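For reference, the structure is listed below as C-alpha cells.
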Amino acid sequence: MSRSAIISDIHANLHALAAVMNDVQAEACTDVVCLGDVVGYNAYPKECLDYIRSLNCPIVKGNHDEEVARQDDTRMNPVARAAMEWTRSRLEPEDLTWLMRLQYQRMVNSSYMIVHSTLDQPRAWNYIMNANDAAANFNRQFKPLCLHGHTHVPRVFTWDGSHCSEHAEFIAELSANARTEIPLQDGLKYFINVGSVGQPRDGDIRASYGIYDSDRNSVTIKRIEYDVAAAQQAVLAAGLPEPLAERLGRGC
C-alpha cells in the first residue's frame, strides 16, 4: 500500500504546514512529495525549508524557490519583492544552493509526474487557469497522472486523446465536504492541482493538499483548518507587508 501526501506552495507558512502534516500522519500516508514554492510571502522560510529538507522527499522547484536563490525578483510586484528580499536575508548560502539545484520536473516511483507549473514550459511559470491553458501540458505528459501547483487553486483537468476537460464537480465536492476523491480512469490523462498549503487563493482560507493512493488509483484533495490568526500575526511581527497577512484571512 502506498499513500503519498502531495503538498505544494507552502510559502513559509509554518502554522499551515504543521496542521497539514498532522493530517498526513492521521491519514497514514507513507511518504511526502512536494511540488515547490517552499518559501516566499510568509514568516517562516528557514523553518519550512529545514523541515522539507529533512524529509528527503521528491520535490520540484517553484518560481519563488528559484527567484530567491537566483536573487532575481524583477518580475514580482512590490509586495512580493519585499517579501522575497526579506526571505533571502533569512536563508543560509547552503539553503540557496539547495533550492537552485532542484529540478523543474521529475518522475516519482516511475508512476506519475510532478511539476510546479507546466510540463511543456516548466521554466516559464505559466498559470493554468482553464482547460485551454492545460491542453498544451498533455503534449509533454508521458504518464496518466501529473500533479502540479503554482496557482494555489485546486483544479482537475483530463485529456482523452483529443480534448481537454476541466472537472468542476470534484472541486464543488471539495468545497462542500472539505475533501474530494478523484478516481483515475483508464484511458484518460489527469493534470491535477492540489492547491496551496500556505496561501490558498480560491476564497477558502483552509490549507489544501492531496493524497495519491496507488492501491485505489485515486487522488484525494483535502482542506485542513489551521491557526490563520497566528500565521497573520507572525507575518506582521516579522515586518512583512500587511497585505500578505490580510490575504490569509480572505483566501485570495
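Predicted model, so just to flag it, every value in this text is computed and none were measured.
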Exercise for review: I would like to know whether R81 and M84 meet side chain to side chain contact (heavy atoms under 4.5 Å, CB included); could you show each step before the answer?
Suggested key: CA-CA 5 Å; R81 186 180 304 118; M84 189 59 67; 5.6 Å; no
What I'd like to find out is whether the side chain of [X] reaches to under 4.5 Å of the side chain of [Y], using heavy atoms alone.
| X | Y | value |
| --- | --- | --- |
| L244 | L248 | no |
| C146 | L119 | yes |
| Q141 | W159 | no |
| S117 | N126 | no |
| L91 | P45 | yes |
| V153 | N193 | no |
| L174 | P154 | yes |

Are [X] and [Y] grouped together when hydrophobic residues (ILVMFWY) are joined by side-chain heavy atoms under 4.5 angstrom apart?
| X | Y | result |
| --- | --- | --- |
| I192 | I211 | no |
| Y226 | I52 | no |
| F191 | I114 | no |
| L147 | I224 | no |
| L145 | V60 | yes |

Taking atom [atom1] as the centre, does [X] end up with more than 12 heavy-atom neighbours from other residues, nucleotides or ligands that are less than 6.0 angstrom away?
| X | atom1 | result |
| --- | --- | --- |
| R216 | CZ | no |
| R106 | CZ | yes |
| E246 | CD | yes |
| E242 | CD | no |
| R140 | CZ | no |

Exercise for review: In plain terms, say whether R223 and D202 are close enough for a salt bridge, that is, a side-chain N and a carboxylate O under 4.0 Å apart.
Suggested key: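 Salt bridge flag = yes for D202 with R223.
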Point to revise | Pairing of D95 and R90 as salt bridge, 4.0 angstrom limit | key: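 A salt bridge is absent here (no side-chain N lies under 4.0 Å from a carboxylate O).
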Once you round to the nearest 0.5 Å, how far does [atom1] of [X] lie from [atom2] of [Y]?
| X | Y | atom1 | atom2 | value |
| --- | --- | --- | --- | --- |
| I7 | M21 | CD1 | CE | 5.5 Å |
| I6 | Y112 | CD1 | OH | 4.0 Å |
| D186 | N217 | CG | CG | 7.0 Å |
| D65 | I10 | CG | CD1 | 9.0 Å |
| N109 | S214 | CG | OG | 8.5 Å |
| Y104 | Q121 | OH | CD | 13.0 Å |

Point to revise | Working for side chain to side chain contact (heavy atoms under 4.5 Å, CB included), residues N137 and I128 | key: CA-CA 9 Å; N137 179 84; I128 304 300; 5.5 Å; no
Practice item. Among N13, L14, V197, find the residue that satisfies the side chain to side chain contact (heavy atoms under 4.5 Å, CB included) test when tested with C48. Key: L14
Practice item. Please test Y51 against L55 for side chain to side chain contact (heavy atoms under 4.5 Å, CB included), starting from the C-alpha separation and ending with a verdict. Key: CA-CA 7 Å; Y51 179 78; L55 296 177; 3.8 Å; yes
Donor-acceptor contact below 3.5 Å, side chain [X] vs main chain [Y]:
| X | Y | result |
| --- | --- | --- |
| D9 | H150 | yes |
| Q105 | V115 | no |
| K61 | M100 | yes |
| Y190 | P183 | yes |
| N177 | R179 | no |
| S218 | E181 | no |

**Study point:** Residues in salt bridge (Lys or Arg N to Asp or Glu O under 4.0 Å) contact with D50, at least two apart in sequence or another chain
**Key:** K46
**Study point:** Any residue meeting salt bridge (Lys or Arg N to Asp or Glu O under 4.0 Å) with R206, in chain and number order, not counting sequence neighbours
**Key:**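 In terms of salt bridge (Lys or Arg N to Asp or Glu O under 4.0 Å), with neighbours along the sequence ignored, R206 is linked to D204.
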Exercise for review: Mind running side chain to side chain contact (heavy atoms under 4.5 Å, CB included) on V194 and Y209 for me, showing each step along the way?
Suggested key: CA-CA 5 Å; V194 299; Y209 84 104; 5.6 Å; no
Study note, to complete from the structure: From the list D31, D213, D215, side-chain hydrogen bond (donor to acceptor under 3.5 Å, both in side chains) with R3 holds only for D213
What pairs of donor and acceptor atoms, side-chain ones from residues 32-43 against any protein atom, are under 3.5 angstrom apart with sequence neighbours left out?
unit_1, atom_1, unit_2, atom_2, d
D37, OD1, N63, N, 3.2
D37, OD1, H64, N, 2.8
D37, OD2, H11, NE2, 3.4
D37, OD2, H116, NE2, 3.1
Y41, OH, H64, NE2, 3.3
Y41, OH, R201, NH2, 3.2
N42, ND2, H11, O, 2.9
N42, ND2, G198, O, 3.4

Would you name the heavy atoms of [X] and [Y] that are closest together and state the gap between them?
| X | Y | answer |
| --- | --- | --- |
| V24 | A5 | CG2-CB, 3.6 Å |
| E166 | M129 | OE1-O, 4.5 Å |
| C164 | F157 | SG-CB, 4.3 Å |

Review point. Side chains of H15 and D227: is there a donor and an acceptor less than 3.5 Å apart?
Key: no
